[in-house]
Amino acid sequence: MAGDRSGRLIFHAKFCMLFFMSGQTVHIKSFGCQMNKLDTALVTSALREAGFGFTENVKEADAVLINTCSVREHAEQRVLSHLGHLKHIKEKKPDMVVGVVGCMAQRLGAELLEHDAVDIVCGPAQILQIAELVTEALQDKKKAVAVTEKIRKAKPENQALEEFESACGIDDKAIPAQAFVRAMRGCNKFCTYCIVPYVRGPEVSRPPEAIIEQIKKLADNGVKLVTLLGQAINSYKYQAGDKTYCLADLFRLASEVNGIEWIRFVTSYPQDEFYDEILKAMAELPKVCNYLHMPAQSSSDKILRAMNRNYTAEQYLGLLAKARAMVPGIAIAGDFIVGFPQETEQDFQDTVELVKKARYKNCFVFKYSPRPGTTADKRLEDNIPLEVKRRRNIELLAVQEKVSGESSREFLGRTVRVLVEGLSKKPHLDSAEGQNLPQLVGRTAEDWIVVFNGPESLAGKFAKVKITRVSPLTLFGELSV
Ligand code: SAM
Ligand code: SF4
């Protein structure tokens, strides 16, 4: 079957697998961004429907799937080291099937089968075939590759994938009452450093009714916060008859879904189209969280041009100012790449200045990592030494930490509403202060992390917390009634 890339056989195959696969277990490990977490949730759902069970213990699994990321080399190295570990397990358990799913599978294709551990290679657009691929690998012991040939030439609307995604449950209980919903696939921006357009394919906006149907199903299953996903989600555009739907329309439709209380969206690209409509809808609709993740990447116009980001630093700051004027209290997060080819100390200092002016809630800083096949990798030498990239990374984070510290102090004494995620992974508070209740973590609508003592039963529920102490990235407080 692996040759059939259309997914047409999937429904017939599902029926067969229900019969064959009961009792077989899968272990899934997921690397990378929210898009990958969502794909993992869809894969989990498809496998569950096909009769597979799941195990946290890799050594007990009949099949192990790794959902991979290709955005930076480091992410791929982590996958390769994990595959090395699986190779050792397979020496004692040769029947175990190992599948590489996602961006790295699409990027490397059949080359990955040369790794001793790997039996299945499945690109992001082939996840609809996953149950079939795993079943066949378990039964026939044959290796299989399912990826999209010439991905940039592939038809953007992939009907089979859309049907799969619409029909599939989103099986993600990682954070109770929260789920991701894809609004868009792929990307057409072609930032010169970025692998995403080559592994996720052309940009396509999903039909609004499919998105809203999914949100309704999630709400029926207790989901309160949905995060709409797209690489440049503010470019969302869907033509239905005379009507052009933009992200603001999705906000309006999603706001009408009973049970959904918060709506988030990531990631925004700094551009004007639909920006006013989106901000207006954010300001008007109480369910849309006042949170905007809009990466700048750099503040040097020379570097922005070399990155093929179609704005200047001044235009970017203008967009932030507009967001703050139209949506009071909005929290803004950013991304930066340091050490892009030819980034001088002055270019970097410009970025430092932008971070001071932008007043982000937080930002993510990455060291430039050349990705094979991208324009930057083909045309520009990776000429900034690693020590310089590291130093710039640390310096930029320190500047942001100061800004975040100033913003977080404004919360002292205030009571905030949080959606509780569950037990805090890091014990921060003295449990005596919390009457021996465990430490919980939650987030505000603006995505501030809040740690407090409370009953574990609050996971997945809203709570009010009075902030008594802060660090730059975390607010600490007491449950208030
Ligand atoms: N589509 C989103 C956007 O445009 O912001 C996110 C794309 S990417 C998965 C997330 C972040 O990774 C980017 O914002 C960028 O800062 C960083 N990134 C992408 N390619 C990179 C590379 N080659 N080296 C270092 N960082 C990179
Ligand atoms: Fe990559 Fe740029 Fe597309 Fe984001 S917008 S996914 S950085 S190409």
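Start at 1 and go down the list; that is how both ligands and their atoms are numbered.
Pro197 counts as a contact of ligand 2, since one of its heavy atoms falls under 4.0 Å from the ligand. Contact analysis leaves Lys389 out of contact with ligand 1, as no non-hydrogen atom separation drops below 4.0 angstrom. Contact analysis leaves Arg200 out of contact with ligand 2, as no non-hydrogen atom separation drops below 4.0 angstrom.
For the residue pair Gln400/Arg359, the side-chain donor-acceptor check at 3.5 Å is not satisfied. A donor-acceptor contact closer than 3.5 angstrom links the side chains of Glu162 and Ser166. The closest side-chain donor-acceptor pair between Thr148 and Gln126 falls under 3.5 angstrom.
Note: Phe340 and Tyr193 have perpendicular aromatic rings, judged against thresholds of 30 and 60 degrees for the angle between ring planes.
Scanning Gln231, Gln297, Lys189 for the heavy atom closest to atom 6 (S) of ligand 2 points to Gln231. Comparing Arg371, Gln231, Met307, Gln34 by heavy-atom distance to atom 2 (C) of ligand 1, the nearest is Gln231. Closest heavy-atom approach to atom 23 (N) of ligand 1 within the set Ser369, Ala296, Pro370: this belongs to Ser369. The option from Glu73, Met294, His293, Gln297 that lies nearest to atom 15 (C) of ligand 1, judged by heavy atoms, is Gln297.
Here the protein heavy atom with the shortest distance to atom 2 (Fe) of ligand 2 is Cys191 SG, 2.3 Å. The closest protein non-hydrogen atom to atom 8 (S) of ligand 1 is Val71 CG1, 4.3 Å. Counting only heavy atoms of the protein, atom 7 (S) of ligand 2 lies nearest to Tyr193 OH, 3.4 Å.
Nearest heavy atom pair, residue Lys189 against residue Ala232, reads CE-CB, 3.8 Å. Across all their heavy atoms, Ile151 and Tyr198 have their closest contact at CG2-O, 3.1 Å.
Proximity to Asp335 (heavy-atom distance under 4.0 Å) selects the following atoms of ligand 1: 10 (C), 11 (C), 13 (C), 14 (O), 16 (O). Ligand-side atoms of ligand 1 in range of Pro295: 5 (O), range being under 4.0 angstrom from any heavy atom. The contact set between ligand 1 and Lys367, taken as ligand atoms under 4.0 Å from a residue heavy atom, comprises 24 (N), 25 (C). Atom numbering of ligand 1 starts at 1 in the shown order; those under 4.0 Å from a heavy atom of Arg309 are 4 (O). Near Arg72, meaning under 4.0 Å from one of its heavy atoms, ligand 1 places the atoms 12 (O), 17 (C), 18 (N), 24 (N), 25 (C), 26 (N), 27 (C). In the vicinity of Phe190, heavy-atom distances shorter than 4.0 Å reach the ligand 2 atoms 8 (S). With ligand atoms numbered from 1 in the order given, ligand 2 contributes 6 (S) to contacts under 4.0 Å with heavy atoms of Val196.
Between Leu83 and Val98 there is a side-chain heavy-atom pair separated by less than 4.5 Å. By the 4.5 Å heavy-atom criterion applied to side chains, Leu65 and Lys29 are not counted as neighbours. Under the 4.5 Å side-chain criterion, counting only non-hydrogen atoms from C-beta, Phe251 is in contact with Phe265.
Taking the charged nitrogens against the carboxylate oxygens, Asp249 and Lys237 have no contact shorter than 4.0 Å, which rules out a salt bridge. With respect to Lys217 and Glu213, no salt bridge is recorded, no charged nitrogen being found less than 4.0 Å from a carboxylate O. With respect to Arg182 and Glu165, a salt bridge is recorded, a charged nitrogen being found less than 4.0 Å from a carboxylate O.
When non-hydrogen atoms are compared, ligand 1 lies under 4.0 Å from the side chain of Thr267 (C-beta onward) but not from its backbone. Residue contacts with ligand 2 for Cys187 involve side-chain atoms from C-beta outward but no N, CA, C or O (heavy atoms, distance under 4.0 Å). Counting heavy atoms under 4.0 Å from ligand 2, residue Pro295 does not touch it at all. By the criterion of a heavy-atom distance under 4.0 Å, both the backbone and the side chain of Tyr193 are placed next to ligand 1.
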Give the C-alpha distance, both sets of side-chain angles, the deciding distance and a yes or no for ring pair (Phe, Tyr, Trp, His ring centres under 6.0 Å) between Phe348 and Phe336.
CA-CA 10 Å; Phe348 174 66; Phe336 289 90; 9.5 Å; no
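Residue Tyr368 places no N or O, backbone or side chain, under 3.5 Å from any N or O of ligand 1.
Ile278 contributes atom CD1, which lies 9.0 Å from atom CG of Leu292 (distance to the nearest 0.5 angstrom).
With 2.8 Å as the limit, Cys194 does not count as an N, O or S neighbour of atom 2 (Fe) of ligand 2.
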